[in-house]
Number of protein chains: 2
Amino acid sequence: MDSSDLWTLYRSFLAVVQHGSLSRGAKDLGISQPTLGRHIAALEDRLGSGALFTRSVRGLTPTEAALAIRPHVETMNAAAAAIRRTLSAPSDALEGTVRISASDIVGTHVLPAILADLRNRHPGLVIELSLSNDTEDLIGRAVDIAVRMVRPTQKALLARRIGAARLGVYAHKSYADRHGLPATRRDFAQHALIGFDRETPYMRMMAAAVKLDRSMFTLRTDSDLAALGALTAGFGLGFCQVPLARRLGNLVPVLAGEIGFDLPIWIAMHEDLKTVRRMRTVFDHLASGMKAYLGA
Amino acid sequence: MDSSDLWTLYRSFLAVVQHGSLSRGAKDLGISQPTLGRHIAALEDRLGSGALFTRSVRGLTPTEAALAIRPHVETMNAAAAAIRRTLSAPSDALEGTVRISASDIVGTHVLPAILADLRNRHPGLVIELSLSNDTEDLIGRAVDIAVRMVRPTQKALLARRIGAARLGVYAHKSYADRHGLPATRRDFAQHALIGFDRETPYMRMMAAAVKLDRSMFTLRTDSDLAALGALTAGFGLGFCQVPLARRLGNLVPVLAGEIGFDLPIWIAMHEDLKTVRRMRTVFDHLASGMKAYLGA
DNA sequence: TGCTATCCATGCGATATTGAATATCCACTA
DNA sequence: TAGTGGATATTCAATATCGCATGGATAGCA
């Protein structure tokens, strides 16, 4: 083993980068601190690109080179995790682990009921739910199936369009009672608006569609959940998916005819997984569950 | 090391799957056949999902489970390769390796000149060129930079739209001299048409745009290069990017006003790489080179 | 200043892993 | 039917790797 088996060393590298010290990394990996130290030394030696860490008494600080390769090692790690999931059960069985990603809102307010139903039908299934508004992880194998609000373009993905969730402006009843509701878009200036903080491509699109921008918001947050929380707490006017607003109750639509736009809903998974029965089952169940949500 | 360091074992697994036998895989990895055999046995044992291979005297045949995890291991492998590329030079230097993916046509007819120019300016650069019409590999780290014909949607990608290449129908002069050219779309039935073989989403889109379908083609191939070769050899009428047709010469446009559509051109790379100087440099150079190609 | 907690490095015996040699199996062929 | 080539398994001594114990160093704090 002289040429270059570095894979184990990469794994050790990741533990150190994530934990910041040899001892903590070693504990996480279940190996000893001296061994992990030797791994890092061996890796630096064999890569021949100088030090990956600067040793200090507080731990190991990654160098620029270490930061540069870190994302790649994370990709390896995600793929390794995917292997374990794949083998968590035979491919023709309706049990084992499936990892799903979805947005904050969908993951907390829409999926739980769908997943509970799924679990009742197939008790052997184990669901991992990863909530994030980033949509980068299907190819990198960080998750098996994704519920998305944008059309996936990658060829290797099996994607199905479920429909579209209309996004509208709402206010909680308690807010409406106290402050009334705007009759026209101009009245917005007199109201408390809940919106985004940082500019993201997605937000820019949304802002253009409804002709609102960051400066008009009274409460700015990048957490959709926080925004929804503020909305239901009666803080002010905010966006909400129409089916979700119906389900939550006590939310009254604002200028429903005038402001709003459609958010397409897609379910996607890697094509490789379509032969794995539980993946296919979860995929189909998510599709029908989301369709029911849209129709509600 | 009892819990689960399987990364090295995954690497061994991949070698066996790729080469079909322990002995060939071992030669590829630079380790001995008994060692590799023990790796596979250990992996099967620790994964606890039964055999990964059926041993025969002809070699090792992957089981269904092995086939299921293979893509994930390939992802790990691609990421490992990306690490080596990243470290092939310091991140602030204009040397080292950059891996680019592009379509067959662009890779063979457009990029070479652009890359040659690049190499003249920065002799320390090493370019790896991966040609394929699949566009799945940026997140999985199989390549660093991609030239694409579709808009990338993934958030973690840094993408720039260069413009659009118009796709038109052409015939080689020699064909036109012998058979004449169609005056209307209906005349196509009397001509030899070069087109695609299998139905792909991309082809379906293209077919819809120009109102042609598979049954009308006299020569069917899924290799764009073969189609272009047939076109320039005077086989019949076929599609070609307008700037490329101009550059090749001896190609005459057919119904230029009537048939054709625009192919957007994008350059994309992972956002992580934008701090690596040579990546940025190649990205920018590709952008300006492709823009020049479109303008030509 | 001295105590503690946390960190990395080193020496050393125990253990696990490796490679060379070899045995064995089987398909194929003259 | 015997020989050949290519394959996997086994044995065993050499060696690489590991964990434990320990040393040394620094920051925080009373």
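Just so we're clear, the structure is a prediction, and the values are computed from it rather than from any experiment. All chains are named by letter (A, B, ...) in the order of the sequence lines, taking the proteins before the strands, and each is independently numbered beginning at 1.
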At under 4.0 Å between heavy atoms, what does A:Gly59 touch on the DNA or RNA strands: base, sugar-phosphate, or nothing? sugar-phosphate

Between atom CZ in A:Phe53 and atom P in C:dA9, what is the gap in whole Å? 12 Å

Donor-acceptor check, side chain of B:His19 to backbone of B:Ala15, threshold 3.5 angstrom: yes or no? yes

Let me know the distance between CD of A:Glu44 and P of C:dC8, rounded to the nearest Å. 13 Å

Grab the two heavy atoms, one from B:Gly59 and one from B:Ser21, that are nearest each other, plus how far apart they are. CA-CB, 4.1 Å

Does OP1 or OP2 of C:dT18 have a side-chain N or O of B:His39 closer than 4.0 Å? yes

Minimum-distance nucleotide (side-chain atoms of A:Pro34 versus D:dT8, C:dA9, C:dC8): C:dA9

Which of residues 20-28 of chain B sit near DNA chain D, with a heavy atom under 4.0 Å from it? B:Ser21, B:Leu22, B:Ser23, B:Arg24

N/O donor-acceptor pair under 3.5 Å between B:Thr86 side chain and A:Ala68 backbone: no

Any protein N or O atoms within reach of nucleotides 25-29 of chain D? Criterion: under 3.5 Å, listing atom names and distances.
none

Would you kindly give the CG-to-P distance between B:Asp5 and D:dT17, to the nearest whole Å? 13 Å

Between B:Trp7 and A:Ala80, the two heavy atoms sitting closest are NE1-CB, 3.6 Å

Side-chain (B:Arg277) to main-chain (B:Asp92) donor-acceptor, under 3.5 angstrom: yes

Just how far, in rounded Å, is C1' of C:dA16 from CD1 of A:Ile31? 15 Å

Should we count CD of A:Glu128 as having more than 12 external heavy atoms under 6.0 Å? yes

Length of the line joining B:His19:NE2 and D:dA7:P, which is rounded to integer Å: 12 Å

For atom CZ of B:Arg11 and atom C1' of C:dT17, their distance in whole Å: 16 Å

Closest non-hydrogen atom pair, B:Arg85 against B:Asp144: NE-OD2, 2.9 Å

Tell me which nucleotide among D:dC18, D:dC12, C:dC8 gets nearest to the side chain of B:Arg38. D:dC12

hbond_proxy A:Gln33 side chain to C:dA9 base (donor-acceptor, 3.5 Å cutoff): yes

In terms of the nearest nucleotide of DNA chain D, which residue is placed more toward the 5' end: A:Thr35 or B:Gly37? B:Gly37

Euclidean distance, atom CG of residue A:Leu9 to atom P of D:dA16 [Å, nearest integer]: 16 Å

Between C:dT17 atom C1' and B:Leu36 atom CG, what is the distance in whole Å? 14 Å

Could you give me the CA-CA distance, side-chain angles and deciding distance for A:Leu228 and A:His109, then say whether side-chain contact (heavy atoms from CB on, under 4.5 Å) is met? CA-CA 11 Å; A:Leu228 182 64; A:His109 287 91; 3.3 Å; yes

Contacts of B:Arg119 meeting salt bridge (charged side-chain N to carboxylate O under 4.0 Å, His left out) (sequence neighbours excluded), chain-then-number -> none

